Amino acid sequence: MSPFRLSVVAVLALACPAGALAGEGAETMDWPGAVREAVAGNPTLVAARDAVEAAKSGVTSASADFWPSVSASASLNRSGNQALDDWHPVGPERDSTSYSFGGSASWSLFSGWSTVAARRRAQATLVQRQAGYRSASQSLRASLRQSFNRLLYVQRNLDLLASIRDRLNRQARFQEIQFKSGRDPRWTFLKSQADAASITWQITQAQFDRENTRRQVARLLGRGIEGATALVASGELASATPLLDLSPAYTEMERRHPDFLSQQAAVTANEASLTSSRSTRWPSLSARGGYSWSDGGTWPPDSSGWSTGLSLSYPLFAGGGQEASIRAARWSYEGSLATLADTRTALRAALFQAWEVFRVGFDRLPVLRLDAEASAERYKTVEALYQSGRAGYLDFEQAQGALTQAEQSLLSGRLSVAQAEADWVKALGLTLEDEGGGTP
């Protein structure tokens with residue numbers, strides 16, 4: 001068998017999986033399905049959800065101080081004594097039994113707004129934990145979308161390489177005939193073999209790329225790295241049309257972006273800390289009450305007692321520590337306001353940059369499509385002229401190379417736009433839940 005035929009056989013053997021992507025044993029998954037599985041199984045999101053639940057319990061705990069506390073108590077005592085003479089008991093032992101039981105209640109009526117501040121801090125912590133979950137979901141959404149896009153690209157690339165292979169095989173067979181009949185020099189035949197070998201290498205590389213991308217998708221879904229060896233992405237490398245006006249996007253970003261929400265919660269927490277520190281300038285007031293029964297050993301009890309009262313306290317002097325705490329809390333609060341303003345500016349700049357890349361890539365797609373269409377028409381024309389002897393091999397080779405490059409550039413351009421859209425959505429602050437994956 002000739003070296004040329006061996007290369008063709010190798011290309012066919014390596015390219016067969018490209019046409020069997022959705023064959024027996026394949027697991028087809030669309031984007032909504034990937035979102036649902038990632039939300040349910042990704043370990044980072046599971047841990048972030050647990051942190052949110054813990055913060056919810058913290059709010060409940062901080063709110064408990066708004067309610068009175070009630071307690072019950074009971075005691076049973078038994079005692080005895082006996083006279084001794086030189087360490088020896090003398091006479092009978094005298095013993096006694098007593099018991100008591102009752103209940104009490106207390107209620108902090110006013111504590112200088114410290115109770116309100118404690119609940120606001122707990123609520124701010126909850127918002128920060130929710131923002132932390134959104135941050136994890138936002139990053140996961142971007143990574144998963146890009147890996148999913150990459151898998152779609154590799155699958156389409158394998159199909160494209162298979163079609164290029166078929167085109168090169170037809171040309172190689174024709175070139176073999178041309179060479180053996182003496183119409184074209186030997187180097188044209190060698191060039192056709194080199195083109196076939198190049199496609200063989202590209203298909204092999206694409207197959208490795210597909211397996212690696214499948215493992216990346218599996219890890220992001222929360223599976224083991226071997227959990228998606230037959231995964232087939234369903235869908236197209238398409239994107240939405242970029243916005244023309246970013247004004248609504250800025251508003252949406254501030255409503256959804258986890259970094260901005262987290263910093264807003266930090267401002268609230270620092271404001272609550274300032275309120276709490278200022279509460280030392282106010283008196284605290286609390287009420288208490290209780291009722292009890294007791295007896296010296298018989299039933300029913302022979303005595304009862306009750307108590308009630310109010311307590312008022314006011315700190316007069318604490319060595320200046322209270323005022324220092326208030327100043328520190330005020331500076332922390334003002335610093336968090338400055339950080340919030342800087343966060344807004346930085347996120348808007350990042351959003352514009354992501355939009356610019358998305359828009360430029362999207363506007364380039366029609367150019368790539370026209371180039372691919374023109375290259376296809378040019379190839380058909382030059383191929384017919386070459387096979388009829390009215391054009392040279394170099395003209396045909398140039399048209400063939402231009403078509404291959406245009407087809408691959410169009411597919412790469414679609415991937416670039418899809419990835420740019422994923423970056424744009426991330427800069428906007430959208431998460432997997434915004435894709436319909438549930439709520440944190």
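Residue numbers start at 1 and run along the sequence shown. Note that the structure is predicted; figures quoted are calculated from it, not measured.
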Which distance, rounded to the nearest 0.5 Å, do you find between the [atom1] of [X] and the [atom2] of [Y]?
{"X": "L410", "Y": "L415", "atom1": "CG", "atom2": "CG", "answer": "11.5 Å"}
{"X": "D342", "Y": "L337", "atom1": "CG", "atom2": "CG", "answer": "13.0 Å"}
{"X": "L428", "Y": "L347", "atom1": "CG", "atom2": "CG", "answer": "10.5 Å"}
{"X": "D166", "Y": "L168", "atom1": "CG", "atom2": "CG", "answer": "9.0 Å"}

Would you say [Y] and [X] are linked by a side-chain donor-acceptor pair, where the criterion is simply a distance under 3.5 Å?
{"X": "S273", "Y": "N270", "result": "no"}
{"X": "D423", "Y": "Q146", "result": "yes"}
{"X": "T275", "Y": "E271", "result": "no"}
{"X": "R167", "Y": "T404", "result": "yes"}
{"X": "Y393", "Y": "Q178", "result": "no"}

Side-chain donor-acceptor pairs of residues 262-269 under 3.5 Å, sequence neighbours excluded:
unit_1: Q263; atom_1: NE2; unit_2: S336; atom_2: O; d: 3.2
unit_1: T268; atom_1: OG1; unit_2: Q264; atom_2: O; d: 3.2

## Note on the structure
Here the pair of heavy atoms bringing R129 nearest to A51 is NH1-O, 3.3 Å
Report yes if some heavy atom in the side chain of [X] is under 4.5 Å from a heavy atom in the side chain of [Y]; otherwise report no.
{"X": "R145", "Y": "W31", "result": "yes"}
{"X": "N42", "Y": "L221", "result": "no"}
{"X": "W424", "Y": "L351", "result": "yes"}
{"X": "R378", "Y": "Q398", "result": "yes"}
{"X": "R141", "Y": "L432", "result": "yes"}
{"X": "S147", "Y": "L220", "result": "yes"}
{"X": "L151", "Y": "L231", "result": "yes"}
{"X": "T339", "Y": "T343", "result": "yes"}

Could you tell me whether the side chain of [X] and the main chain of [Y] form a donor-acceptor pair under 3.5 Å?
{"X": "Q419", "Y": "N149", "value": "no"}
{"X": "S139", "Y": "S135", "value": "yes"}
{"X": "S279", "Y": "S276", "value": "yes"}
{"X": "S61", "Y": "S57", "value": "no"}
{"X": "Q138", "Y": "K426", "value": "yes"}
{"X": "R165", "Y": "I199", "value": "no"}
{"X": "R348", "Y": "M253", "value": "no"}
{"X": "E254", "Y": "R344", "value": "no"}

#### Entry: Aromatic ring proximity, centroids under 6.0 angstrom, F358 and W355
no
For [X], I'd like to know if atom [atom1] has over 12 heavy atoms of other residues, nucleotides or ligands within 6.0 Å.
{"X": "R183", "atom1": "CZ", "result": "no"}
{"X": "F101", "atom1": "CZ", "result": "yes"}
{"X": "E323", "atom1": "CD", "result": "yes"}
{"X": "W187", "atom1": "CH2", "result": "yes"}

Salt bridge between [X] and [Y], side-chain N to carboxylate O under 4.0 Å?
{"X": "R173", "Y": "E176", "answer": "no"}
{"X": "E236", "Y": "R414", "answer": "no"}
{"X": "E211", "Y": "R214", "answer": "yes"}
{"X": "K56", "Y": "E53", "answer": "yes"}

### Query
So E356 and R359, salt bridge (charged side-chain N to carboxylate O under 4.0 Å, His left out) or not? Walk me through it.
CA-CA 5 Å; E356 178 188 15; R359 182 61 187 269; over 6 Å; no
### Query
Are Y386 and F174 close enough, and set up right, to give a ring-ring contact (aromatic ring centres under 6.0 Å, His included), and what steps lead you there?
CA-CA 11 Å; Y386 174 62; F174 177 80; 5.7 Å; yes
### Task
Apply side-chain contact (heavy atoms from CB on, under 4.5 Å) to the pair F260 and L340, showing each step before the final yes or no.
CA-CA 7 Å; F260 192 78; L340 178 62; 3.6 Å; yes
### Task
Sort out for me which residue in S311, S106, S104 forms a side-chain hydrogen bond (donor to acceptor under 3.5 Å, both in side chains) with R288.
S311
